[in-house]
Amino acid sequence: MAGLGAGGAAELRLLEERVSPYCIRVKHAMAVKGVTGYECVEEDLEHKSELLLASNPVHKKVPVLIHNGAPVCESLVIVQYVDEVWAGAGPALLPSDPYERSRARFWASYIDDKFFSSYLPFFTATTEEARAEKFKDVIPQVETLEEAFEECSKGKHFFGGDRIGFVDVALGGYLRLFKALDEVAGTRLLDAAKFPRLAAWAEHYEAVDAIRGASPAVADVVAFYKKMQAAASH
């Protein structure tokens, strides 16, 4: 198993929901780091397994990374854990400089706490008019990320500069979901005319072989979103 340490094969399992952006970001991080050979355990979140409930008794949700019997919960925590444990297996995701590292953590938190949370009302909107109205609330957060990318990337392809870093993985886990939503709802979240830097970033990010190989098909995410929309309409 590549990247599992000098001690040889180790137990490494990822409890996941395949199209969850939080699970996707963990798989992206592991792919970039070169960690392979782990077992993916698909969870039915309507009928959660005893393993999931025992591994994450506080939140009872995926992803959970189980490494040698020890569970690590919450996607951004898992990404940092992978970056530290397999430090020599691939490029560092977090910067070595303390200030730059703190800034990366800030923007990763912003992506979940501000940017994506502003998107949540869009998911439950059941009419075209309601979706259009809710979509407007997302745009200021995208504008903030467009500015953040200019600052963080220093003219390079990624938030991490020349290579994929912590913020890239944090946002990159959502890309397939954004594509699915654009396809179903007719939106254009990363419109190149309005957000040229983020649109170019998304193209560069998804062109990386490791990222492509660790991403679900857009069609699978579309099917999941349609199922969610159908449930919301009842």
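Closest non-hydrogen pair, A108 versus V167, comes out as N-CG2, 4.4 Å. The two residues A104 and F166 have their closest heavy-atom pair at O-CD2, 3.8 Å. Smallest separation of non-hydrogen atoms from P63 and C23: CB-SG, 3.7 Å.
A continuous path of Ile, Leu, Val, Met, Phe, Trp and Tyr side chains, each step under 4.5 Å between heavy atoms, connects L175 with V184, placing both in one hydrophobic cluster. L190 and V218 end up in the same hydrophobic cluster when Ile, Leu, Val, Met, Phe, Trp and Tyr side chains are linked at under 4.5 Å. Residues L15 and L65 do not share a hydrophobic cluster, defined by chaining ILVMFWY side chains whose heavy atoms lie under 4.5 Å apart. Put simply, L45 and I24 are part of two different groups of oily side chains (I, L, V, M, F, W, Y) that touch within less than 4.5 Å, one to the next. Hydrophobic clustering keeps L12 apart from I66 (ILVMFWY residues linked when any side-chain heavy atoms are closer than 4.5 Å, directly or through intermediates).
Looking at R197 and S153, their side chains never come closer than 4.5 Å, going by heavy atoms from C-beta outward. In this structure, the side chains of K27 and E16 come closer than 4.5 Å at one or more pairs of heavy atoms.
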Start with the C-alpha distance between H28 and Y205, add both sets of side-chain angles, then the distance that settles side chain to side chain donor-acceptor pair (under 3.5 Å), and finish with yes or no. CA-CA 10 Å; H28 283 182; Y205 185 83; 2.8 Å; yes

Verify side-chain contact (heavy atoms from CB on, under 4.5 Å) between F224 and L177, making sure each step is shown before the conclusion. CA-CA 10 Å; F224 175 79; L177 178 59; 5.8 Å; no

When you look at F159 and W201, which way does the ring pair (Phe, Tyr, Trp, His ring centres under 6.0 Å) test go after all the steps? CA-CA 8 Å; F159 281 92; W201 164 81; 5.8 Å; yes

Can you give each donor-acceptor pair under 3.5 Å made by side-chain atoms of residues 130-145, sequence neighbours left out, with the distance rounded to 0.1 Å?
residue, atom, partner, partner atom, Å
Q141, NE2, S118, OG, 3.4
Q141, NE2, D137, O, 2.8
T144, OG1, P140, O, 3.1

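Between K48 atom NZ and D44 atom CG the span is 10.0 Å, to the nearest 0.5 Å. Here the OG atom belonging to S102 is positioned 8.0 Å from the CG atom belonging to D97, to the nearest 0.5 angstrom. To the nearest 0.5 Å, the span separating CG on L189 from CG on L181 amounts to 8.5 Å. Note that the CG atom of N56 and the SG atom of C73 stand 3.5 Å from one another [nearest 0.5 Å]. L198 CG to F149 CZ: the interatomic distance, rounded to the nearest 0.5 Å, is 7.0 Å. Atom OG of S20 and atom OH of Y174 lie 8.5 Å apart (nearest 0.5 Å).
Although no hydrogens or angles enter the test, the distance criterion places a donor-acceptor pair under 3.5 Å between the side chain of D168 and the main chain of G165. Of the possible polar contacts, one joining the K33 side chain to the P91 backbone as a donor-acceptor pair under 3.5 Å is found. With hydrogens and angles ignored, the 3.5 Å screen pairs a side-chain donor or acceptor of R25 with a backbone N or O of A170. Formation of a donor-acceptor pair under 3.5 Å by the Q80 side chain with backbone atoms of L76 is found in this model. Under the 3.5 Å distance criterion, the side-chain polar atoms of E11 are matched with a main-chain donor or acceptor of G69.
Listed by chain and number, the residues in a side-chain hydrogen bond (donor to acceptor under 3.5 Å, both in side chains) with E206 are R176, K179 (sequence neighbours excluded). Contacts of Y110 classified as ring-ring contact (aromatic ring centres under 6.0 Å, His included), with partners at least two apart in sequence or in another chain: W107. The side-chain contact (heavy atoms from CB on, under 4.5 Å) check on S49 picks up E43, L51, L52, with sequence neighbours excluded. K156 is linked by a salt bridge (charged side-chain N to carboxylate O under 4.0 Å, His left out) to D162, counting only residues two or more places apart in sequence or in another chain. In terms of the side-chain contact (heavy atoms from CB on, under 4.5 Å) criterion, residue partners of A29 (sequence neighbours excluded) are, by chain and number, V79, L93, V169.
No donor-acceptor contact under 3.5 angstrom links the side chains of Y225 and D220, judged on distance only. No donor-acceptor contact under 3.5 angstrom links the side chains of Y38 and H67, judged on distance only.
When the options F116, F122, F115, F195 are evaluated for a ring-ring contact (aromatic ring centres under 6.0 Å, His included) with F178, the one that passes is F115.
Within a 6.0 Å sphere centred on CD of E203, other residues, nucleotides and ligands contribute 12 heavy atoms or fewer.
Between K61 and E17, no side-chain nitrogen of the basic residue sits less than 4.0 Å from a carboxylate oxygen of the acidic one, so the salt-bridge criterion is not met. By the 4.0 Å N-to-carboxylate-O rule, D83 lies too far from R101 to be salt-bridged with it. Salt bridge status for R103 with E151: present, with a side-chain N to carboxylate O gap under 4.0 Å.
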